[in-house]
Amino acid sequence: LGLLRYFLKPKSDLPFRLFTLFAIIYGTLVLLSQIELIHNPFEDYYVHNDAAMSFYKNIMTHVLPCSWGDIFKKTIGNSFFSHYPLGAFIMAINGKIGMALGVENLRLFLRLHIFLIGASITAIMANIFEINELSERTNKTLVICFGMFSFLYISSAIFTRDIYVTFVYTVASYIYLNKNVKRKLLLFIVLFFVARGFRPENGL
């Protein structure tokens with residue numbers, strides 16, 4: 001919330017209220033899907049089988065056994081992760097933090113930041129609508145409908161790179177639609193590299 005407040009500087013607290021609402025909704029979905037569906041973290045999955053058999057398995061097998069100092073080389077500098085180098089780097093950092101904290105259920109721990117990113121997307125959307133002077137009622141209706149009935153609802157509970165890409169695109173929309181943002185071209189160049197780090201096709 002502190003980061004959102006710093007970067008968005010919203011006119012009201014509506015973006016933060018919507019963030020809290022969807023953090024609860026998406027967090028509950030993560031917890032319930034974990035309890036009901038994911039008993040074997042390397043095989044079980046919710047909606048997206050790559051969550052277990054590719055992303056989680058690859059991070060656990062190829063990166064987490066290495067030292068902190070080797071994480072960059074093992075992810076961003078490793079051709080094995082060429083399809084999601086930045087995603088692998090973030091996943092690895094979170095995994096190493098979980099290991100350092102003694103977390104037993106790393107699969108659940110690694111999913112926690114995903115639903116928070118999903119909730120952040122709804123807050124950014126609300127701020128975009130607020131900047132463009134939509135009424136609070138319309139703003140809430142649009143964001144709640146999108147947050148509940150789009151793919152954001154499901155993807156916020158999946159351990160994959162999709163939510164990272166969605167977040168980058170949402171930030172790009174915020175920059176484009178906010179007339180107060182300066183140096184838009186430079187920011188878009190930065191976002192190109194960030195999006196490419198999560199999935200090359202999305203960056204392009």
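In this chain, numbering begins with 1 at the start of the sequence shown.
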TODO: Please examine the side chains of Ser155 and Thr160, heavy atoms only from C-beta on, and report whether any two atoms are closer than 4.5 Å.
DONE: no

- [ ] Output the distance between atom NE2 (His113) and atom CD1 (Ile90), rounded to the nearest 0.5 Å.
- [x] 6.5 Å

Task: Close side-chain approach of Asp162 to His48, heavy-atom, < 4.5 Å - done: yes

Open item on the list: Quick check on Lys96: does its NZ atom have over 12 non-hydrogen neighbours (other residues, nucleotides or ligands) under 6.0 Å away?
Closed with: yes

Task: Salt bridge flag under 4.0 Å for residues Asp70 and Lys74 - done: no

Task: Under 3.5 Å: donor-acceptor pair, side chain of Ser33, backbone of Val30 - done: yes

TODO: Working to the nearest 0.5 Å, report the span between CD1 of Ile175 and CG of Leu185.
DONE: 11.0 Å

Open item on the list: So, taking the atom named CG in Asn58 and the one named CG in Asp50, what distance separates them when rounded to the nearest 0.5 Å?
Closed with: 9.5 Å

Task: Ala52 versus Tyr45, closest heavy-atom pair with distance - done: CB-CB, 4.5 Å

Open item on the list: Could you check whether atom CZ of Phe109 has more than 12 heavy atoms from other residues, nucleotides or ligands sitting under 6.0 Å from it?
Closed with: yes

Task: Any donor-acceptor N/O pair, Asn139 side chain to Ala126 backbone, under 3.5 Å - done: yes

Task: Nearest non-hydrogen partners of Thr28 and Ile24, listed with the distance - done: OG1-O, 2.7 Å

Open item on the list: How about NZ on Lys73, more than 12 heavy atoms from neighbouring residues, nucleotides or ligands closer than 6.0 Å, or not?
Closed with: no

Open item on the list: For residues Leu110 and Met53: do they belong to one hydrophobic cluster (side chain heavy atoms under 4.5 Å, members Ile, Leu, Val, Met, Phe, Trp, Tyr)?
Closed with: no

- [ ] May I ask whether Phe42 and Ile35 are part of the same hydrophobic cluster, defined by side-chain heavy atoms of I, L, V, M, F, W, Y residues being less than 4.5 angstrom apart, directly or through others?
- [x] no

TODO: Say whether, by atom type as modelled, one donor and one acceptor occur between the side chain of His39 and the main chain of Glu36 under 3.5 angstrom.
DONE: yes

Task: Gap separating the CD1 atom of Ile38 from the CG atom of Leu108, nearest 0.5 angstrom - done: 8.5 Å

TODO: Starting from the C-alpha separation in whole Å, work towards a yes-or-no answer on side-chain contact (heavy atoms from CB on, under 4.5 Å) for Ile59 and Leu64.
DONE: CA-CA 6 Å; Ile59 294 299; Leu64 292 193; 3.9 Å; yes

TODO: State, with a plain yes or no, whether a side-chain heavy atom of Met148 is found less than 4.5 Å away from one of Ile25.
DONE: yes

Open item on the list: If I compare all heavy atoms of Gly95 with all of Leu106, which pair ends up nearest, and what's the gap?
Closed with: O-CD2, 3.9 Å

TODO: Answer yes or no: is there a donor N or O on one side and an acceptor on the other, between the side chain of Asn127 and the main chain of Pro15, under 3.5 Å?
DONE: no

Open item on the list: Hydrophobic clusters here meaning ILVMFWY residues chained together by side-chain heavy-atom distances under 4.5 Å, can you tell me if Phe149 and Leu21 are in one?
Closed with: yes

Open item on the list: So does Phe159 get a backbone contact from the side chain of Arg107, meaning a donor-acceptor N/O pair under 3.5 Å?
Closed with: no

TODO: Looking only at non-hydrogen atoms, find the nearest pair between Ala119 and Ala23 and report the distance.
DONE: CB-N, 3.6 Å

Task: Other residues, nucleotides, ligands: >12 heavy atoms within 6.0 Å of Tyr169 OH - done: yes

Task: Any side-chain heavy-atom pair of Ile93 and Trp68 under 4.5 Å - done: yes

Task: Same apolar cluster (I L V M F W Y, side chains within < 4.5 Å links), Ile131/Val181 - done: yes

Open item on the list: Quick check: is Leu187 connected to Phe167 through a chain of hydrophobic side chains (ILVMFWY, heavy atoms under 4.5 Å apart)?
Closed with: yes

Task: Heavy-atom check, side chain of Leu29 versus side chain of Tyr46, under 4.5 Å - done: yes

TODO: Hey, could you give me the CD1/CG distance between Ile189 and Leu191, rounded to the nearest 0.5 Å?
DONE: 10.5 Å

Open item on the list: Any non-hydrogen side-chain atom of Leu204 less than 4.5 Å from a side-chain atom of Phe192?
Closed with: yes

Task: Steps toward side-chain contact (heavy atoms from CB on, under 4.5 Å) verdict (Ile121, Ile163) - done: CA-CA 9 Å; Ile121 290 169; Ile163 202 73; 4.1 Å; yes

Open item on the list: So Asp44 and Leu37, do their side chains get closer than 4.5 Å, heavy atoms only?
Closed with: no

Open item on the list: Using modelled atom types and a 3.5 Å cut-off, is there a donor and acceptor pairing between side-chain atoms of Ser156 and backbone atoms of Tyr153?
Closed with: no

- [ ] For Ala195 and Gly203, work out which heavy atoms get closest and say how close.
- [x] CB-CA, 3.7 Å

TODO: May I ask you to check whether over 12 heavy atoms, not counting those of Glu201, lie within 6.0 Å of atom CD?
DONE: yes

Open item on the list: Can you confirm whether Thr122 sits close enough to Leu152 that some side-chain heavy atom of one is under 4.5 Å from a side-chain heavy atom of the other?
Closed with: yes

- [ ] Could you verify whether a donor N or O on one side chain and an acceptor N or O on the other, from Tyr174 and Asn178, lie under 3.5 Å apart?
- [x] yes

- [ ] Applying side-chain contact (heavy atoms from CB on, under 4.5 Å), run through Ile71 and Cys66 and close with a yes or a no.
- [x] CA-CA 7 Å; Ile71 290 178; Cys66 75; 4.2 Å; yes

TODO: Check the surroundings of atom CZ in Arg196: do more than 12 heavy atoms from other residues, nucleotides or ligands lie under 6.0 Å from it?
DONE: no

- [ ] Indicate the atoms forming the closest heavy-atom contact of Ala123 with Phe19, along with that distance.
- [x] CB-CB, 4.0 Å

Open item on the list: Rounded to the nearest 0.5 Å, what separates atom CD1 in Ile144 from atom CE in Met125?
Closed with: 11.5 Å

Task: Exercise: do Glu136 and Ser12 side chains pair donor with acceptor under 3.5 Å - done: no

Task: Candidates Phe55, Tyr164, Phe81 - the one meeting ring pair (Phe, Tyr, Trp, His ring centres under 6.0 Å) with Phe198 - done: Tyr164

